[in-house]
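Here's the structure we're looking at; comments come further down.
The analysis underlying the following values was restricted to heavy atoms, covering all of them including side chains, and did not include hydrogens, waters or symmetry mates.
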Amino acid sequence: MSLLTRPKGLSGAAEPAAPAGRARRMRPWTPYAFLAPYLALFAVFMILPIGFGFWTSLHEWDINLPAKPFVGLENYAELFDPSSVDGGRFWTAMRATGIFTLFSVPLLILLPLLAALLMNGRFRGRNLYRAVYFAPYVLGVAVVGFLWRYLLDGNIGLVNHYLGLDVQWTTDEPPVWIALVGVTVWWTLGLNAVIFLAGLQDIPRELHEAAMVDGASAWRRFRAVTLPGLRPVTVFVVNATILASANMFGQAYLITAGAPADRTKTAIYLIAETGLRQFDMGTASAMSFILAAFLMAASALVFGAFRDRSAR
C-alpha cells in the first residue's frame, strides 16, 4: 500500500478527513492568554493609578505629612463651593481651559483639513510641502515654549519688531489667548493634517469618478463623497483634539506663566501646581476627576454628534 493512500475501513471506503476546526480546536483560555500581557500592563499602569488617585482624593493627602486623614467627599464639595479658595481657583482654571479649547479646536479641525486637501493633490514638490507642515510637530513642548516666549516678548520679541506693533503678547488679554492658540495651531496642525490625508487617500477614487460622470461640482463631491468618507477619521480627530486642548499645560507654563493674574492658568496647570508645589495631592486628585468627568461628557457628545443616523 502506498504511503500516500489513506487507510480504508472494514467496508473498504476511505475514511473522511477530520474538519480543520475539529483538528485545531481553540481552547477556551486561548484568547485570554493572548490578552494577558496587555491586561496586566493596563491594570498596573491604568486601573491601579486611577484607583489610587480616587482613594487619594478622599483624603487630606499631604505628601510631607505621615497622617493622611480620610475626609470623604470634602475635597469635591470644597471645589464646587465658589466661595472657597480652591473652588474659586479651580473654576477660573476651568474657564481658561474652556476658552482655549473653544478657540483652538475649530482651527485645528478646519485648517488641517484644508491642508490635507491641498496635500492630496498631485503637484511638484508635494513631499516637501507635507514635510514642512509636519515639521513643527516633531519639536518638544519645551523647545516650542521657549522659542515663542522670546519671539512674542513685548520688549525684545521679533514679532513686534517686524510687524511694527507694541503688543504684550504674554501678559495682556486678549493677546495672550491669540498667542497661545496661534502657537498651538502652528505646532500641532501637521499631525491632524497627516491624519486627514490618510483618510482622504482611503476614500475609493471610483466614488469621485462616478460623481464626476454624474456632473457633480467640486463642492458637491466634497459634501457627498469626501465628508462622509472622512466621518470615522473626523470623529477621531475631533475627539483627540478636544482632549489634547483641554490638557494644555506646557504652552501656558512656558509662554505666559498663567498671566495675567492666573487667567491663562489651565486646569492641568493648576492641578500640577496644587499637587507638586503645594503638596495637596487630595485636592489635586479631586480636580483631576472632575476634569475627567467633563472630558468624558465631551467625548460622549462628539460620538453622539457624529453618529451615522442613516444606519438606524
Intermediate values then yes/no, side-chain contact (heavy atoms from CB on, under 4.5 Å), Phe196 and Met119: CA-CA 10 Å; Phe196 274 126; Met119 288 190 290; over 6 Å; no
With a 4.5 Å limit on heavy-atom distance, are the side chains of [X] and [Y] in contact?
X      : Y      : result
Phe45  : Leu41  : yes
Leu151 : Leu147 : yes
Phe103 : Leu180 : no
Asp262 : Tyr269 : no
Thr56  : Phe52  : yes
Met287 : Leu270 : yes
Phe100 : Thr184 : yes
Leu243 : Ser299 : yes

Side-chain ion pair, Glu173 and Arg263, N-O less than 4.0 Å: yes
Carboxylate-amine/guanidinium proximity below 4.0 Å for Arg89 and Glu273: yes
Between [atom1] of [X] and [atom2] of [Y], what distance do you get to the nearest 0.5 Å?
X      : Y      : atom1 : atom2 : answer
Thr266 : Asn247 : OG1   : CG    : 8.5 Å
Gln168 : Thr171 : CD    : OG1   : 4.5 Å
Met248 : Thr101 : CE    : OG1   : 8.0 Å
Ile268 : Leu291 : CD1   : CG    : 5.0 Å
Ser57  : Leu73  : OG    : CG    : 8.0 Å
Thr226 : Leu113 : OG1   : CG    : 9.0 Å

Quick check: closest heavy atoms across [X] and [Y], and the distance to 0.1 Å?
X      : Y      : result
Ala211 : Val225 : CB-CG2, 4.3 Å
Tyr133 : Ala115 : CE2-CB, 3.7 Å
Leu108 : Val185 : CD2-CA, 3.7 Å
Ile50  : Phe289 : O-CZ, 3.4 Å
Val176 : Ala259 : CG1-O, 4.0 Å
His208 : Ile203 : NE2-CG2, 4.0 Å

Verdict with reasoning, Ile242 to Val302, per side-chain contact (heavy atoms from CB on, under 4.5 Å): CA-CA 9 Å; Ile242 290 175; Val302 169; 3.6 Å; yes
Would you call the rings of [X] and [Y] parallel, tilted or perpendicular, taking 30° and 60° as the class edges?
X     : Y     : value
Trp55 : Phe70 : tilted
His59 : Trp61 : perpendicular
Phe80 : Trp91 : tilted
Tyr76 : Phe54 : tilted

Determine whether [X] and [Y] fall in the same hydrophobic cluster, where Ile, Leu, Val, Met, Phe, Trp and Tyr are linked whenever their side-chain heavy atoms lie under 4.5 Å apart.
X      : Y      : answer
Ile178 : Trp187 : yes
Val105 : Val233 : yes
Phe236 : Leu197 : no
Phe303 : Ile109 : yes
Tyr38  : Val44  : no

Backbone N/O of Ala216 and side chain of Arg221: donor-acceptor pair under 3.5 Å: yes
Side-chain (Asn160) to main-chain (Val167) donor-acceptor, under 3.5 angstrom: yes
Near [X] [atom1], under 6.0 Å, is it more than 12 heavy atoms from other residues, nucleotides or ligands?
X      : atom1 : answer
Arg126 : CZ    : yes
Asp166 : CG    : no
Tyr137 : OH    : no

For [X] and [Y], which I'm curious about, is there any donor-acceptor pair between the side chains at under 3.5 Å?
X      : Y      : value
Ser245 : Ser104 : yes
Asp153 : Thr170 : no
Thr264 : Thr256 : yes
Glu78  : Ser84  : no

Residue pair Phe222, Trp219: steps toward the ring-ring contact (aromatic ring centres under 6.0 Å, His included) verdict: CA-CA 5 Å; Phe222 176 74; Trp219 173 247; 5.7 Å; yes
Stepwise ring-ring contact (aromatic ring centres under 6.0 Å, His included) test for Trp169 and Trp148: CA-CA 10 Å; Trp169 298 100; Trp148 284 99; 9.8 Å; no
Residues Tyr129, Phe123; criterion ring-ring contact (aromatic ring centres under 6.0 Å, His included); working and verdict: CA-CA 10 Å; Tyr129 178 72; Phe123 54 90; 5.8 Å; yes
Worked verdict on Lys265 versus Thr92 for side-chain contact (heavy atoms from CB on, under 4.5 Å): CA-CA 8 Å; Lys265 184 175 289 185; Thr92 299; over 6 Å; no
Residue pair Leu58, Val71: steps toward the side-chain contact (heavy atoms from CB on, under 4.5 Å) verdict: CA-CA 6 Å; Leu58 302 178; Val71 295; 5.8 Å; no
